[in-house]
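Here's the structure, in structure tokens; my notes come after.
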Amino acid sequence: MLDIRLIRENPEAVNQALKRRKPDLSVDAISRLDAQRLELLQEEEMLRGKRNQMTQQIAQAKKEGRDTDAIQQETRTLAERIKAIEQQKEEIAEQQNALLMEIPNMPLPQTPDGADENDNVVLRTWGDEFKNRYCADVLPHYDIGATLGILDFDRGVKISQSRFSVMRGEGSRLERALINFMLDTHTENGYEEILPPFLVNRQAMTGTGQLPKFEVDMFRCKDDELFLIPTAEVPVTNLYGGEILSEDQLPISMTAYTPCFRREAGSAGKDTRGLIRQHQFDKIELVKLVRPEDSEAEHLKLLADAERILQLLELPYRVVELCVGDIGFSAARCFDIEVWMPAQGVYREISSCSTFTDFQARRIGLKYRSEATGKPAFMHTINGSGLAVGRTLAAILENYQINHQEVEIPLALRSYFRNGATQLTVARSKELV
RNA sequence: GGAGAGGUGGCUGAGCGGUUGAAAGCGGCUUCCUGCUAAGAAGUUAUGGGGCCUUAAAGCUCCAUCGAGGGUUCGAAUCCCUCCCUCUCCGCCA
């Protein structure tokens with residue numbers, strides 16, 4: 001949510017920033033409603049003040065045993081007026097809020113111009129030397145996964161629906177090894193491990209910006225008014241909502257493993273095969289709550305922390321800075337990490353590291369007491385995947401493919417996987433299934 | 001799921017229709033005292049919003065908020081209704 005005061009005091013600057021995202025974005029309608037609301041608010045407050053005074057008079061008069069019928073009658077009509085004005089004001093406030101909640105964050109100046117993903121900027125590539133490790137004609141991860149008997153797409157669909165799959169045997173084990181490896185790496189690096197609820201309420205979903213605009217993308221439990229989380233960002237960022245922390249508690253760095261649930265509305269036909277786009281997938285998330293002045297440095301640090309996982313796994317990747325047309329609703333600046341997928345010869349997103357300035361903090365009520373001013377101030381929130389686990393597994397199946405029957409286990413993962421087993425093989429997988 | 005109790009400021013806890021934004025205690029902060037510490041004294045200490053003033057900060061003032069939302073009333077932390085949450089007992093259960 002944008003700061004209504006900023007909109008009030010400098011609507012042009014806000015509009016200018018928003019128009020970088022989309023030419024038709026504007027806060028003008030909000031400004032108009034705000035002016036109306038303020039006017040009604042002032043009248044309401046004036047009348048309330050008057051009523052409070054009269055109420056005191058009544059109390060005084062009663063104490064002295066005087067008659068109060070007349071003034072009571074007067075106060076009654078006053079109360080009716082207050083109610084009417086309040087109602088008007090509420091209506092306008094609601095309209096204003098509805099509009100405000102659908103306005104995306106203002107991009108930071110650093111975020112490059114551009115309309116869509118084609119205008120994103122490649123910042124760097126890493127690990128070219130690890131491309132073409134073994135096999136020249138790499139099978140896609142879903143084929144080698146099927147051959148090895150560790151990915152079962154058909155049965156996943158049978159018991160659930162499309163875009164659900166089953167991992168089994170060494171596949172399931174590899175997924176678990178990756179989760180532990182990532183969590184351990186991040187916690188050793190100063191992040192606190194969090195295991196949050198996977199179902200959250202509407203308020204939390206609104207706080208991070210998934211609602212109200214993107215409700216169709218969410219799985220929802222209607223009877224309980226709860227939503228399956230699309231990312232651990234939601235429960236973890238909301239953790240301190242409504243509290244005022246002391247400045248020395250910041251920065252707070254948290255990491256969480258959760259499954260993530262997305263309806264993928266509107267992506268029919270996209271990435272229909274394999275693990276790339278599933279309704280349910282595992283992800284390790286990194287979340288930071290920071291002082292505004294630390295926000296850029298912490299954002300870059302978080303990005304480096306996510307990159308580190310790929311470096312340790314020796315998977316080639318590149319870092320892309322998203323343009324204004326491609327960053328998410330709540331984000332002000334965003335880097336994607338894309339891992340090399342040799343079967344298709346493309347880089348695929350495996351992490352998205354965003355800074356939200358105070359946009360989420362304002363919605364959630366994430367504050368800290370500034371030591372300089374002694375007053376509460378909004379924090380900045382930052383998050384990123386560290387990493388998407390299924391996609392990491394897919395990348396391993398391709399980048400570490402020895403031949404069409406065997407996949408090597410990355411060195412960094414071996415202590416997490418079957419006591420140092422070095423390969424996935426058809427024989428071994430069959431034994432286990 | 002059934003029965004009961006309860007949700008008040010950073011914490012403990014009073015208030016149960018009329019200067020109560022809220023007693024008291026603890027904690028925090030500031031100043032004084034003290035060779036240092038301890039002890040002591042005084043003051044101060046919620047959040048959000050509006051207006052005035054100001055370059056700004058500060059300041060002044062008003063409004064709202066005692067789990068959330070509605071209602072009764074001239075007036076609600078206090079009475080009524082709905083919802084949420086916590087605790088205790090019973091039942092069920094990984």
Side-chain angles (χ1 to χ4, degrees), chain A residues 1-10 13 30-98 100-101 195-207 211 221-227 235 238-250 259 292 358 360-379:
Chain A
M1 180 167 55
L2 298 182
D3 185 358
I4 187 63
R5 275 179 170 146
L6 185 64
I7 293 174
R8 191 139 72 210
E9 282 157 21
N10 204 345
I30 293 170
S31 293
R32 277 193 295 276
L33 288 168
D34 185 53
Q36 285 179 50
R37 200 193 100 245
L38 274 190
E39 204 173 306
L40 289 166
L41 177 71
Q42 282 170 34
E43 186 170 2
E44 184 197 341
E45 288 194 347
M46 188 266 289
L47 292 175
R48 275 185 195 275
K50 211 158 148 190
R51 192 204 30 204
N52 289 348
Q53 280 179 9
M54 290 166 81
T55 292
Q56 288 307 320
Q57 285 173 31
I58 292 169
Q60 190 62 31
K62 287 224 175 196
K63 222 180 259 172
E64 292 164 11
R66 283 185 281 130
D67 178 68
T68 58
D69 282 358
I71 186 163
Q72 277 189 34
Q73 185 58 246
E74 204 182 321
T75 311
R76 193 177 342 218
T77 46
L78 190 61
E80 279 161 17
R81 273 177 70 198
I82 291 172
K83 210 170 214 176
I85 285 169
E86 193 187 0
Q87 210 166 0
Q88 268 186 65
K89 189 203 73 184
E90 277 308 311
E91 268 170 40
I92 286 172
E94 251 168 61
Q95 285 176 43
Q96 184 191 349
N97 204 253
L100 198 55
M101 292 304 268
L195 204 152
F198 303 159
L199 285 165
V200 299
N201 59 31
R202 186 170 280 279
Q203 189 187 336
M205 289 290 263
T206 307
L211 296 183
C221 302
K222 262 192 186 155
D223 289 345
D224 303 283
E225 198 51 20
L226 292 172
F227 297 81
N238 276 281
L239 220 49
Y240 293 99
E243 303 182 24
I244 301 172
L245 305 182
S246 70
E247 187 167 337
D248 57 26
Q249 287 177 271
L250 303 182
D358 60 3
Q360 293 182 327
R362 182 167 281 111
R363 288 177 165 229
I364 296 171
L366 283 173
K367 296 183 169 184
Y368 72 100
R369 191 170 299 281
S370 154
E371 274 166 23
T373 65
K375 286 186 174 168
F378 288 111
M379 318 170 183

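Fair warning: this is a prediction, and the values are worked out from it, not measured in the lab. Proteins get letters first, then strands, A, B, ... in listed order; numbering begins at 1 in each.
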For residues [X] and [Y], report the shortest heavy-atom separation together with the two atoms involved.
X      : Y      : result
A:P292 : A:F378 : CG-O, 3.7 Å
A:L100 : A:I7   : CD1-CD1, 3.6 Å
A:P196 : A:P235 : CB-CB, 3.6 Å
A:R363 : A:L211 : NH1-O, 3.2 Å

Applying a 4.0 Å non-hydrogen cut-off, can you work out what [X] is touching in the nucleic acid: base, sugar-phosphate, or nothing?
X      : answer
A:T75  : sugar-phosphate
A:R5   : sugar-phosphate
A:I71  : nothing
A:K375 : sugar-phosphate
A:L78  : nothing
A:I58  : base
A:K63  : nothing
A:K367 : sugar-phosphate

- Is any side-chain heavy atom of A:L226 less than 4.5 Å from a side-chain heavy atom of A:N201? yes

Which value, in whole Å, describes the distance between the [atom1] atoms of nucleotides [N] and [M]?
N     : M     : atom1 : answer
B:U37 : B:C29 : P     : 14 Å
B:G75 : B:A64 : P     : 12 Å
B:U78 : B:G21 : C1'   : 15 Å
B:G15 : B:A23 : C1'   : 8 Å
B:G7  : B:C16 : P     : 14 Å
B:A22 : B:U30 : P     : 24 Å
B:G13 : B:C89 : C1'   : 26 Å
B:U82 : B:G25 : P     : 39 Å

- Query: Between A:K50 and A:Q73, which has a closest nucleotide on RNA chain B that is more 5'?
  - Reply: A:K50

- Query: Which sits closer to the 5' end of RNA chain B, A:R37 or A:R76, going by the nucleotide each is nearest to?
  - Reply: A:R37

Crowding at [atom1], [X] (>12 non-hydrogen neighbours, <6.0 Å):
X      : atom1 : value
A:Q203 : CD    : no
A:E247 : CD    : yes
A:Q87  : CD    : no

- Note on the structure: The dot-bracket string of RNA chain B, counting Watson-Crick and G-U wobble pairs with both distances under 3.5 Å, using [ ] for crossing pairs and | for pairs to another strand, is ((((((((.[[[..)..(.....]]]((((((.......))))))(((((((......))))))).[[[[[..)....]]]]])))))))....

- Query: Which nucleotide of RNA chain B is the first, and which the last, in the 5' to 3' direction, to come under 4.0 Å of a heavy atom belonging to chain A?
  - Reply: B:G18 to B:G75

Give every donor-acceptor pair under 3.5 Å between a side-chain atom in residues 47-59 of chain A and any protein atom, sequence neighbours left out.
from, atom 1, to, atom 2, distance (Å)
A:R48, NE, A:E44, OE2, 2.9
A:R48, NH2, A:E44, OE2, 2.9
A:T55, OG1, A:R51, O, 3.0

- Message: Treating A:R369 as the side-chain partner and A:S246 as the backbone partner, does any N or O pair qualify as donor plus acceptor under 3.5 Å?
- Response: no

